[in-house]
Amino acid sequence: MLAPLGISAFAESVYRAMLADHTLGVEQLAERLESTEKQVRQALDQLADLSLLADEQSGAGVRAVGPSVGLNALLARAESEMLERQRQIAATREAVAAIALEQARHAERDNAVRHEGVDAVRARIAELSRVVRSECLSLNPRSAQTADAKAASTPLNQQMIERGVRLRCIYQESYRNDPALVTYARWLTGLGGGLRTTSTVPMLAIIYDREIAMLPLDPGNSRLGAVEVRSPGVVAAVHALFEQIWAGAVAFGQAAPTDANGLDSQSKQLIQLLADGQTDEMAARKLGVSLRTVRRMAADLMDRLGARSRFQAGLEAGRRGWL
């Protein structure tokens with residue numbers, strides 16, 4: 001019961017025993033409390049440190065200080081320490097509030113808020129999906145289309161469409177080769193959402209009502225988090241990028257068109273990547289396809305161009321006007 005005053009349970013037993021019989025010595029206390037003399041001496045040291053023991057006037061040992069004096073003094077000290085602790089907590093609370101206010105001011109000035117980690121991003125996307133009024137646009141690279149991401153976005157997209165929000169999404173051409181994503185695309189367009197595909201998507205991005213843009217902290221790893229941007233200039237730039245890609249993208253359900261040379265947009269993009277010196281691995285990431293697919297496509301293009309190397313294929317493609 002006296003632990004809040006810094007007195008252990010055994011020291012309290014020793015103290016009570018000494019109050020009941022001030023003649024008890026160390027040996028008698030150990031016997032009565034069924035303990036060792038060492039334990040009793042340790043308890044006596046603790047009681048002495050707390051000023052609960054006083055020397056006998058006769059000089060023959062120590063006695064317990066009465067509780068009305070000793071314990072009340074400890075209680076007063078504990079209350080004083082508690083009041084000081086409360087004062088410190090109040091001061092800390094004010095400091096935390098000041099830091100939070102400063103952070104909010106920085107965010108307001110910069111028109112940007114960081115959301116660390118995928119869970120925080122999804123929670124914020126859910127909030128924005130509930131308050132968006134008229135339009136939600138998104139750029140969706142293949143690397144971001146995980147099963148859990150689709151599971152999280154599906155009900156949100158349905159709710160937005162049912163509220164009359166115009167939903168337009170851009171995915172990569174490689175999307176058409178994934179049965180699960182094709183099923184999702186059919187479901188989304190069946191509800192009235194717009195979906196188009198293009199050979200490459202530069203990064204993951206979502207734009208709400210042309211007022212807010214959610215952009216990845218690291219375009220190469222969207223799971224690290226996102227930055228919520230409200231700066232009109234930045235949002236306008238992201239929106240213009242979306243509209244430019246949308247204008248040249250192919251509506252889901254339509255075959256990818258080919259040019260006069262029989263090349264679709266994905267093949268033309270691969271030729272450009274190879275001509276720029278990109279490795280097969282880098283080209284695969286940008287096109288959202290496997291390394292094996294890139295190598296097969298590159299081999300087909302080299303065969304058509306009569307080239308024996310990637311570099312020669314780039315030169316020949318440029319000579320023929322394919323680039």
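Throughout, numbering of the chain's residues begins at 1 and tracks the sequence. What you see is a predicted model, and the numbers here were worked out from it, not measured in a lab.
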Using the rule that two of Ile, Leu, Val, Met, Phe, Trp, Tyr join whenever any of their side-chain heavy atoms come within less than 4.5 Å, decide whether Tyr171 and Val182 are in one cluster.
yes
Heavy-atom check, side chain of Ile212 versus side chain of Glu228, under 4.5 Å:
yes
Does a donor on one side chain and an acceptor on the other come within less than 3.5 Å for His239 and Arg210?
yes
Less than 4.5 Å apart, side chain to side chain, heavy atoms only: is that true for Phe10 and Leu33?
yes
Atom pair OH (Tyr184) and OG (Ser153), whose distance is rounded to the nearest 0.5 Å:
4.0 Å
Single-linkage hydrophobic cluster, 4.5 Å side-chain cutoff, Leu224 and Met203 together
no
On a heavy-atom basis, the closest approach of Val229 and Val235 is O-CG2, 3.6 Å
If Ile, Leu, Val, Met, Phe, Trp and Tyr residues are connected whenever their side-chain heavy atoms lie under 4.5 Å apart, and connections chain through other members, are Met82 and Leu71 in the same group?
no
Rounded to the nearest 0.5 Å, what's the gap from CG on Leu167 to CG on Asn157? Could you check?
5.0 Å
Here the pair of heavy atoms bringing Gly6 nearest to Gln46 is O-OE1, 3.4 Å
Non-hydrogen atoms of Leu137 and Phe242 that approach each other most closely:
CD1-CD2, 3.7 Å
Working to the nearest 0.5 Å, report the span between CG of Leu47 and OG of Ser8.
7.5 Å
Let's go through Val250 and Glu173 carefully: what are the C-alpha distance in whole Å and the side-chain angles of both, what is the deciding distance for side chain to side chain contact (heavy atoms under 4.5 Å, CB included) to 0.1 Å, and is it a yes or a no?
CA-CA 9 Å; Val250 180; Glu173 289 288 349; 4.1 Å; yes
Closest non-hydrogen atoms of Asn140 and Cys169, given as atom of the first, atom of the second and distance, are ND2-CB, 3.9 Å
Rounded to the nearest 0.5 Å, what separates atom OH in Tyr15 from atom CG in Leu50?
10.5 Å
Give, for atom CZ of Arg133 and atom CD of Glu211, the distance between the pair rounded to the nearest 0.5 Å.
4.5 Å
Short question: side chain of Arg63, backbone of His22 - any donor-acceptor pair under 3.5 Å?
no
Quick one: does Leu217's side chain get under 4.5 Å of Glu116's, heavy atoms only?
yes
Quick one, Ser35 and Val14 - any side-chain contact, counting heavy atoms below 4.5 Å?
no
More than 12 foreign heavy atoms under 6.0 Å from CD of Gln244: is that the case here?
no
What do you reckon, is CD of Glu243 surrounded by more than 12 foreign heavy atoms closer than 6.0 Å?
yes
For the CG atom of Leu188 and the NZ atom of Lys150, what is their distance to the nearest 0.5 Å?
8.5 Å
Please name the residue in the list Asp45, Val65, Leu44 that meets the side-chain contact (heavy atoms from CB on, under 4.5 Å) test with Leu53.
Leu44
Write down the atom of Val238, the atom of Ala205, and the distance for their closest heavy-atom approach.
CG1-CB, 4.2 Å
Applying a strict under-4.5 Å side-chain criterion to I, L, V, M, F, W and Y, I'd like to know whether Val121 and Val118 cluster together.
no
Under 4.5 Å between any side-chain heavy atoms of Arg32 and Asp21, yes or no?
yes
Do Ile206 and Leu128 have side chains that get closer than 4.5 Å, going by heavy atoms?
no
Crowded around Glu127 CD? As in, over 12 foreign heavy atoms under 6.0 Å?
yes
Does Arg163, at its CZ atom, have more than 12 non-hydrogen atoms belonging to other residues, nucleotides or ligands within less than 6.0 Å?
yes
Is there a path from Trp187 to Met160 through hydrophobic residues (I, L, V, M, F, W, Y) whose side chains come within less than 4.5 Å of each other?
yes
If we ignore hydrogens and angles and just use 3.5 Å, is the side chain of Gln42 paired with the main-chain N or O of Gln39 as donor and acceptor?
no
Salt bridge (Lys or Arg N to Asp or Glu O under 4.0 Å), that's the test. Do Glu12 and Arg16 meet it? Break it down for me.
CA-CA 6 Å; Glu12 179 181 344; Arg16 287 175 178 269; 3.0 Å; yes
Atom of Arg196, atom of Ala251 and distance for their closest heavy-atom approach:
CG-CA, 3.7 Å
Run the numbers on Glu81 and Arg85 for side chain to side chain contact (heavy atoms under 4.5 Å, CB included), then give the verdict.
CA-CA 6 Å; Glu81 291 174 349; Arg85 179 61 175 165; over 6 Å; no
Asp148 and Arg122, any side-chain heavy atoms less than 4.5 Å apart:
yes
